[in-house]
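Here's the structure, in structure tokens; my notes come after.
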Amino acid sequence: MTIQESGTARPAGRPRSEKAEKAIIEATLDLIAEGMGVSELSIEAIASKAGVGKTTIYRRWSSKEDLVADALATLKAPLPPLSGTSVRDDLISLLDAMRREAGHSRNRCVMNIAMSEADRYPRLMERFVKRAIEPRQRAMRDVIERGVASGELRADLDVDMGMAVITGTMLWHTKWGPAGDLPADLAERVVDAALAGMAP
């Protein structure tokens, strides 16, 4: 996954290399996966591992926190397409993306190490939340609000509480539940359990 968006006009000067950006992102993730916390991580170490100069990194990212946030965001799968015809089906699609992400042990390791220092790096967390978390929250809110409007869900439903119940249950399974592979029907089971209390 590249950070440079295709079709965007490049600024004047030397063009950014998408290959270099990918190498920088992968080097950042590799160093964290090897156990290097955010506080230990340095632009020098990332540049060395990626085989680029520090200036190549600083042309794209103004700080280590911004780079780490963007690297973490690449671990999140793109939002799945939602049919818009069934609240249940759309919620299952959103949660199943979470299940698939959690199935990669390297990704879990990187996220756990990086998030363990989140309080010390508020800029990192702010950028990561904006890039990776808020789009998923908006998508789920839209689905639930649509369900309330269509009558699929209770008219008096607390939307924030509904989101918390659904995502919190999934997070329990992906982060703190029994070790081992997550069952393929996990998203369906979580959604059905939540909807039992949210249906009219």
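Numbers for residues simply follow the sequence, beginning at 1.
- Residues L94 and V165 are members of separate hydrophobic clusters, defined by side-chain heavy-atom contacts under 4.5 angstrom among Ile, Leu, Val, Met, Phe, Trp and Tyr.
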Problem set entry | Pair T174-E101, side-chain contact (heavy atoms from CB on, under 4.5 Å): steps then yes or no | CA-CA 9 Å; T174 58; E101 286 168 9; over 6 Å; no
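- The shortest distance between side-chain heavy atoms of L72 and M115 falls below 4.5 Å.
- In this structure, R189 CZ and H173 NE2 are separated by 6.0 Å, a value rounded to the nearest 0.5 Å.
- Between S62 and R123, the shortest heavy-atom contact is OG-NH2, 3.3 Å.
- Between the R60 side chain and the T56 main chain, no donor and acceptor come within less than 3.5 Å of each other.
- V52 approaches I24 most closely through the heavy-atom pair CG2-CG1, 3.9 Å.
- R127 contributes no side-chain N or O that, together with a main-chain N or O of V68, makes up a donor-acceptor pair within less than 3.5 Å.
- Rounding to the nearest 0.5 angstrom, the gap separating the CD1 atom in I25 from the CH2 atom in W61 is 4.5 Å.
- D142 places none of its side-chain heavy atoms less than 4.5 Å from the side chain of L82.
- Not a single donor-acceptor pair under 3.5 Å links the side chain of E188 to the backbone N or O of D185.
- Using a 4.5 Å cut-off on side-chain heavy atoms (C-beta onward), D160 and R141 make contact.
- Heavy-atom minimum distance, R154 versus G197: NH1-O, 2.6 Å.
- Put simply, the side chain of K54 never gets that close to the backbone of A47: no donor and acceptor are under 3.5 Å apart.
- A single hydrophobic cluster is not seen to contain both M161 and V87; linkage of ILVMFWY side chains at heavy-atom distances under 4.5 Å, directly or through other members, places them apart.
- S116 contributes a side-chain N or O that, together with a main-chain N or O of I113, makes up a donor-acceptor pair within less than 3.5 Å.
- Taking every heavy atom of both residues into account, M98 and T167 meet most closely at CE-O, 4.3 Å.
- Heavy-atom minimum distance, K130 versus P135: O-CD, 3.5 Å.
- Taking both residues in full, the closest heavy atoms of E152 and P200 are given as O-CD, 3.2 Å, listed atom of the first, atom of the second, then distance.
- Between the side chain of K64 and the backbone N or O of V38 there is at least one donor-acceptor pair closer than 3.5 Å.
- Proximity of a side-chain donor or acceptor of D90 to a complementary backbone N or O of S83 within less than 3.5 Å is detected.
- S48 places no side-chain N or O within 3.5 Å of a backbone atom of E44 that could act as its donor or acceptor partner.
- With sequence neighbours left out, D96 forms a side-chain hydrogen bond (donor to acceptor under 3.5 Å, both in side chains) with R99, R100.
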